[in-house]
Amino acid sequence: MSMKKSFVINIFCFVFFLFPLAFAFSQSEIPDTADFWSDYPAPELADFLVSKMSDEEILAQILMFGWAGSEPSDLLNQWVMDRGLGSVKVFGWNTDNTEQVARSVSSVQKKSQGRHLRIPLFVATDQEGGWIRHVKGDTSDTPGNMAIGASQRPVDAYYSAYYLSREIKALGINMNFAPTVDLYTNRHSTVIGSRSFGEDPAFVGQLGAAFVAGSMAAGVIPTAKHFPGHGDTSLDSHGNLPEINIDYETLDSRELVPFKYLIAEKIPAIMSGHLSFPKIIANGEPASLSKTFLSEILRKKLHYEGLIITDDMMMNGATMYAGSLSKAVRMAIEAGNDIIISSTTAQLDEKQWTLNLSLMSSDKEFRATVLRAARRVILAKLVYFKSGNAAPLYPDPATLHDKIPDREGQKFFLSQACRSITVYKSGDFPYAPKLGEKIILAGQTQYPEFFAEAKKRLGEDCAQFKFNYNPGPIETDWMGNNLVALARSYDTIIICVADNASAQIARRLAPLGKKVIIISVLTPVPVLDFSWADTILLGYSYSPFTFKAIFGALNGEYTPQGILPISVDK
């Protein structure tokens, strides 16, 4: 048995070994004084805990709220203390100070332990690596998924997840919304791009399985996303409800393949996406609100037994279809989601709470559905928190400097970045400037590592031309004109391309007849037709490790072996 498979099975299959004990142990034998930490078999203890909960506590157990600001709000604390909120999410707007993150996690967990059943919180975040890094501060800024795809090594996926997870685990974060196993199918995607491992379903499944194993080994619950697949659309479900016009046969043989790999490896959690598939469900309902996708396909056809977690319900992709947030939450519960996410903390009297709580009293089927979800959440918590490898409930801020950034991880991420660098076009490569050669560096202002790493190897006398990230069309045209005028006085232009706007600026250099070296970060799609450039190196991220690796390769310090993980002819 492979190492990655044994890690996944050994930790979370604990729950399946407990089920036979139900024949020898009865819930009635658990005393009324028992709580979450009492020593009883997990399935029976889960039943007991649910039986002791009010409808308010049962419904709150399947909710996950985020908070704005540097620390949890009074409102969030009320949800935890008064209603027994089940989960919280750490978003990217409150994470610059990792010590404060640890204090915040400890604070809300202490409040959860002050309640009568002492059920701890799932504390989640999005720490995919690369572009998506919600916990900032001192955590590692890594090469990311497409760089892993370019290295072609599952071990890179395993250790990327392992070191990322060790860092967030030190903060008390026990659940990570990663890996992203969406395929890079639509080249115009603005939401997936370099977050994808690549376009080949089986390959993505294998890397996803390795990522899951690394996360589990470190003691953090991984969550595969975005079921059933966000890769074949250029739209972002934060602002719209994307329509993916493929039939079920295509979905089954393509988008679902990575999820099949992960389900076979007992992935403990899957996130449902706000994605419409009108050729599969004619009414266009998003998968996150669909019984067909979650109960029929994911549960019954794919035999998935873990948690199903919605993407953020504050995204327009969910509410546009449902018509209101309260209805969207109801539909998400009825569809089969076990945890409902809101990036903001609901007011205590909001309809998403009051209407659905009232429905539990009037609709037996709805109440049974909420009960099943709450039990599944509590059972998953019992298995995780008693596994011996869980994140601390009360992380110690004083010890964080020893764990974040992960010292072993720093060495690994640089080596991983080197394995990912891809020579897409090799002209004068490796590049050694001639005596007296005049060089100008061009790139976005928010990538200081690009300029710093270039000057380390090419000299401090290199000129610089900086432009803003994501400029509008007028600014893009103005910047392009200025760069062209300036570049005429130089022999070589080295330009960083991170998006379509910077690609447009770079294209203006084509008629000059100068030596142009393209340093591509994030998705490589904008530069794949740059036949006029002398050299094109692909790095797939703006991580400091990537800039070190890419300029090391350009300087001839090693021979890059990365392979572009998407086809060029699309």
Side-chain angles (χ1 to χ4, degrees), residues 5 8 145 149 154 157 177-189 191-192 195-212 222-235 237 241-311 317-318 321 331-332 334-338 565-567 569-570:
K5 188 169 185 178
V8 176
N145 284 359
F177 294 149
T180 294
V181 291
D182 302 302
L183 306 177
Y184 200 168
T185 305
N186 188 305
R187 295 293 189 263
H188 301 291
S189 172
V191 67
I192 299 303
R195 296 168 67 188
S196 173
F197 290 115
E199 67 184 5
D200 179 78
F203 176 63
V204 170
Q206 291 161 10
L207 294 182
F211 191 102
V212 164
T223 306
K225 61 188 184 185
H226 307 80
F227 181 85
H230 204 315
D232 195 13
T233 176
S234 61
L235 296 179
S237 52
L241 176 58
E243 289 189 357
I244 300 176
N245 290 298
I246 58 176
D247 56 23
Y248 183 76
E249 288 70 28
T250 301
L251 181 80
D252 186 57
S253 63
R254 198 177 66 183
E255 275 77 7
L256 294 186
V257 170
F259 291 100
K260 292 176 183 177
Y261 271 82
L262 299 183
I263 290 168
E265 296 287 353
K266 305 298 182 185
I267 177 78
I270 288 176
M271 177 175 285
S272 59
H274 305 316
L275 307 159
S276 173
F277 294 80
K279 289 186 177 180
I280 299 174
I281 302 179
N283 66 9
E285 67 185 6
S288 55
L289 310 183
S290 170
K291 290 182 181 179
T292 299
F293 272 103
L294 302 187
S295 298
E296 296 298 322
I297 296 176
L298 185 53
R299 291 289 188 204
K300 293 181 181 178
K301 285 190 176 182
L302 302 184
H303 307 292
Y304 174 63
E305 298 177 332
L307 296 172
I308 304 177
I309 304 173
T310 69
D311 208 340
Y321 177 85
M331 293 179 67
E334 292 174 334
N337 291 283
D338 302 302
I566 58 175
S567 55
D569 56 354
K570 285 198 173 184

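As a basis for the values below, the full set of heavy atoms in this structure was taken, side chains included, without hydrogen atoms, waters or symmetry mates.
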Table please: side-chain donor-acceptor pairs of residues 279-286 below 3.5 Å, with sequence neighbours left out.
unit_1 : atom_1 : unit_2 : atom_2 : d
Asn283 : OD1    : Glu285 : N      : 3.0
Glu285 : OE2    : Ser290 : OG     : 3.0

Looking only at non-hydrogen atoms, find the nearest pair between [X] and [Y] and report the distance.
X: Ile192; Y: Gly231; result: CG1-CA, 4.4 Å
X: His226; Y: Asp311; result: CD2-OD2, 3.5 Å
X: Met331; Y: Tyr321; result: CE-CE2, 3.7 Å
X: Val204; Y: Glu199; result: CG2-N, 4.5 Å
X: Gly229; Y: Glu255; result: CA-CG, 4.1 Å
X: Arg299; Y: Glu305; result: NH1-C, 3.3 Å

key: With sequence neighbours excluded, residues passing side chain to side chain donor-acceptor pair (under 3.5 Å) with Asn245   =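 In terms of side chain to side chain donor-acceptor pair (under 3.5 Å), with neighbours along the sequence ignored, Asn245 is linked to no residue.
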Whether the side chain of [X] engages the backbone of [Y] through a donor-acceptor N/O pair (distance < 3.5 Å, no angle test) should be reported.
X: Tyr304; Y: Ile270; result: yes
X: Glu334; Y: Lys291; result: no
X: Ser295; Y: Ala335; result: yes
X: Asn145; Y: Arg195; result: yes
X: Ser253; Y: Glu249; result: yes
X: Ser196; Y: Tyr184; result: yes

query = Which class fits the ring pair Phe293 and Phe277: parallel under 30°, tilted 30 to 60°, perpendicular over 60°?
reply =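 Geometry flag for Phe277 against Phe293: tilted rings.
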Contact between [X] and [Y] at the side-chain level, heavy atoms closer than 4.5 Å - yes or no?
X: Leu183; Y: His230; value: no
X: Ile308; Y: Met271; value: no
X: Thr292; Y: Tyr248; value: no
X: Pro222; Y: Pro268; value: yes
X: Pro228; Y: Leu251; value: yes

task = Could you tell me the separation between the CZ atom of Phe197 and the CD1 atom of Ile566, rounded to the nearest 0.5 Å?
result =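 These two atoms lie 15.0 Å from each other.
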query = Please walk me through it: do Ile244 and Asn186 pass side-chain contact (heavy atoms from CB on, under 4.5 Å)?
reply = CA-CA 10 Å; Ile244 300 176; Asn186 188 305; over 6 Å; no
key: Distance-only side-chain donor-acceptor flag, Asp247 / Thr250, under 3.5 Å   =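 Yes - a donor-acceptor pair under 3.5 Å links their side chains.
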ask   = After noting the C-alpha distance and the side-chain angles of Asp338 and Ile309, does the key distance pass the side-chain contact (heavy atoms from CB on, under 4.5 Å) rule?
value = CA-CA 6 Å; Asp338 302 302; Ile309 304 173; 5.9 Å; no
key: Steps toward side-chain contact (heavy atoms from CB on, under 4.5 Å) verdict (Arg254, Thr185)   = CA-CA 10 Å; Arg254 198 177 66 183; Thr185 305; 3.8 Å; yes
key: Partner residues of Thr310 under the side-chain contact (heavy atoms from CB on, under 4.5 Å) criterion, sequence neighbours left out   =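 For Thr310 the side-chain contact (heavy atoms from CB on, under 4.5 Å) partners, ignoring immediate neighbours, are Ser272, Met313, Ala332, Asn337, Ile340, Ile341.
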key: Result of checking Leu275, Asp182, Leu294, Val181 against Phe227 for side-chain contact (heavy atoms from CB on, under 4.5 Å)   =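 With Phe227 as partner, Leu275, Asp182, Leu294, Val181 yield a single side-chain contact (heavy atoms from CB on, under 4.5 Å), made by Leu294.
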query = Run the salt bridge (Lys or Arg N to Asp or Glu O under 4.0 Å) check on Asp252 and Lys260 step by step: do they pass?
reply = CA-CA 9 Å; Asp252 186 57; Lys260 292 176 183 177; 2.8 Å; yes
